[in-house]
Amino acid sequence: MRGFTLWFTGMSGAGKTTLSRMVEETLLERGMRVEVLDGDVIRNNLSQGLGFSKKDRDINIRRIGFVCHLLTRNDVVAIAAAISPYREIRSENRNLIKSYVEIFCKCPLDVLKERDPKGLYKKVEKGEIKQFTGIDDPYEEPLDAEIILETDKETVEQSFNKIIRTLELMNYIPPSGIEDEYTEEEEEKIKERLRSLGYI
Amino acid sequence: MGKLLILGLDCAEPELVFNKWINDLPNIRSLVKNGVFGPLHSTLPPITVPAWTAMMTSQDPGMLGFYGFRNRKSYDYEDLFFANAKYVKAKTLWNHLSRNRLRSLVFGVPQTYPPRPLNGTLVCSFLTPSKDVQYTFPDEVKVELDRVADGNYIIDVEDFRTDEKDELLEAIYVMTERRFKAFRYFYQKDSYDFAIMVEMGIDRIHHGFWRYFDKGHRLYEPGNKYENVIHDYYVYLDQEIGRTIENLPSDTSVMIVSDHGAKTMVGAICINEWLQREGYLALKEPPKKRERFKTSMVDWSKTKAWGEGGYYSRIFMNVQGREPKGVIPQDQYETARDELKARLEAIEDESGKCIHTKAFKPEEVYRETNGIAPDLIVYLGNLDWRSAGSVGVGSVYLYENDTGPDDANHAENGIFIWRSGGNHPGGPHPYSIYDIAPTVLKYFDIDIPSEMIGTPIR
């Protein structure tokens, strides 16, 4: 199985981490080698010390992109879940990695504020956080994402299924096969086998 | 973290292993001495499908939605499906282990065809339609299997309900030898956290040769040529087990399990003959000779119930508004079912003695009843008798199986042995088939999902 990068982009609270973990578990079950590079985890490790200026954000996303590139060329599935607000850097990563699937977790700001799983939007309102993507820093929506998830309208399961179905269609992951019906030929062979064993 | 190896012996009988022959089985005896052991209570019914899948998922047949090899897909009379891997929606042990980045070798576990990807290697079981299909994951393992199994890996013996006993015996030995050889090859070739192999030989030899060794069998003849065949095969299996575990790293835990046991088959109750006699089933025309029962023979306007055969019986009722030509009014369904259950449980043998049949209502014995469950699940004579589907027999009783010679029926307890290196209570203790999956997950320090119904064995 060849490697590829699954790049989740979207504003804070849009569902990137949740969905990326679900996809990770499913791909692991199917025997694939997978690593998740979550934006928050990367900032605490690979990008410790970087701030939220445009320059620092660009460095952070380029670093994640470079690691994804290394993993992908070694046939590991790299899953990046980072806000990655700027088109230009996402595009740079796309060109570097090649086997690249962008997933846009789209969700209106008012829904994100309501969800606010980390309490960040509240802190922004109180003025405790500055340069917050989508509020006082830009988020440039993708123009060429392979998968768009409307996480305010879809259930988590619907979004997840959309990702898996698309990856199967693009031949990046093997189909689970579970939904397929038997062919008549297969059914007949099984009947013959069970008959010969005296089960039926 | 240590590794875990499970050797599955389909149909291994606790009485034979733990009591009768334990001193002739040095490798098993050593595991028993250094671990926990006891009878392993099987699924209801104790049948290969669904038992192995229940063991690998810790879900009962009702939760899994299949109650045997064949199951109803709809309430139409002929709409049956074969419960294969495609119908297994529950997560198996290797799904959980793969998800936690642990590698598995899964070898011959029933209900794994068609093969699905996992973190590791999978060889499907005897339910593979033929060797022409892809039955391994990854694909290339298929070719290697033949190479390491003396040129021809054997999925299962061709036919175990046969009178050609010498050929059957040889076929069982050849299959087992090649399968153990292949399993050891793959196990040693790569590094696996978890490995399981299921060998079908004991099941085949029990069904084929039980009458020759069990003094309680109606047809047992002292001093017959095959008297020691089953004993010798257990001894041979013990040697194969010894070869498999002799060089394992010290941190490898070993478990031996079976999905059900075996017992003498007294005979078969022709369930559809009995249903006709009791006024539940009417055929369009009386069969002129013994025939396999088909639903196309039935006069549905006069039929309240029909049965499917096997080691246990499934009874289906013909209910108005449910079956296409149903006759039992829905508001009388429960009364009719209670009455049928009572009559089944009162079935007598030819001498007029009650055989102690048990009839179970699925919703009373399973946590859920997914799919279409039979209306009654019946252990004829508490599994001393099997169920024959044939009609035109001229009797309710048969003393030879109608699908070929078969001497043994399935018994409710299999075996469990676990050498884990921990502190153990003195054995033997009774265990449940549903305990295996949570025990394995706990061994690997993985959270046990709430849908698992068993308890980890300590």
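What you see is a predicted model; the values in this text were computed from it and never measured. Just so we're on the same page: letters track the sequence lines, and every chain starts at 1.
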Side chain, backbone, both or neither: which part of [X] has an atom under 4.5 Å from a heavy atom of chain A?
{"X": "B:Asp132", "value": "side chain"}
{"X": "B:Thr128", "value": "backbone"}
{"X": "B:Val157", "value": "backbone"}

TODO: Please identify each residue that fulfils side chain to side chain contact (heavy atoms under 4.5 Å, CB included) with A:Glu157, with sequence neighbours left out.
DONE: A:Thr155

For the [atom1] atom on [X], are there more than 12 heavy atoms of other groups (residues, nucleotides or ligands in this structure) within a distance under 6.0 Å?
{"X": "B:Lys131", "atom1": "NZ", "answer": "yes"}
{"X": "B:Tyr399", "atom1": "OH", "answer": "yes"}
{"X": "A:Lys122", "atom1": "NZ", "answer": "no"}
{"X": "A:Glu114", "atom1": "CD", "answer": "no"}

Task: Members of residues 34-46 of chain A whose heavy atoms come closer than 4.5 Å to chain B - done: A:Val34, A:Glu35

- [ ] With a 4.5 Å heavy-atom cut-off (strictly below), which parts of residues 69-105 of chain A touch chain B? List them by number.
- [x] none

Task: Least distance between heavy atoms, A:Leu28 atom then B:Asn119 atom - done: O-CB, 4.1 Å

Task: Residues of residues 99-110 of chain B contacting chain A, heavy-atom criterion under 4.5 Å, by residue number - done: B:Arg99, B:Arg101

Open item on the list: Could you measure the distance from the CD atom of A:Glu29 to the CG atom of B:Leu118? Nearest 0.5 Å is fine.
Closed with: 10.0 Å

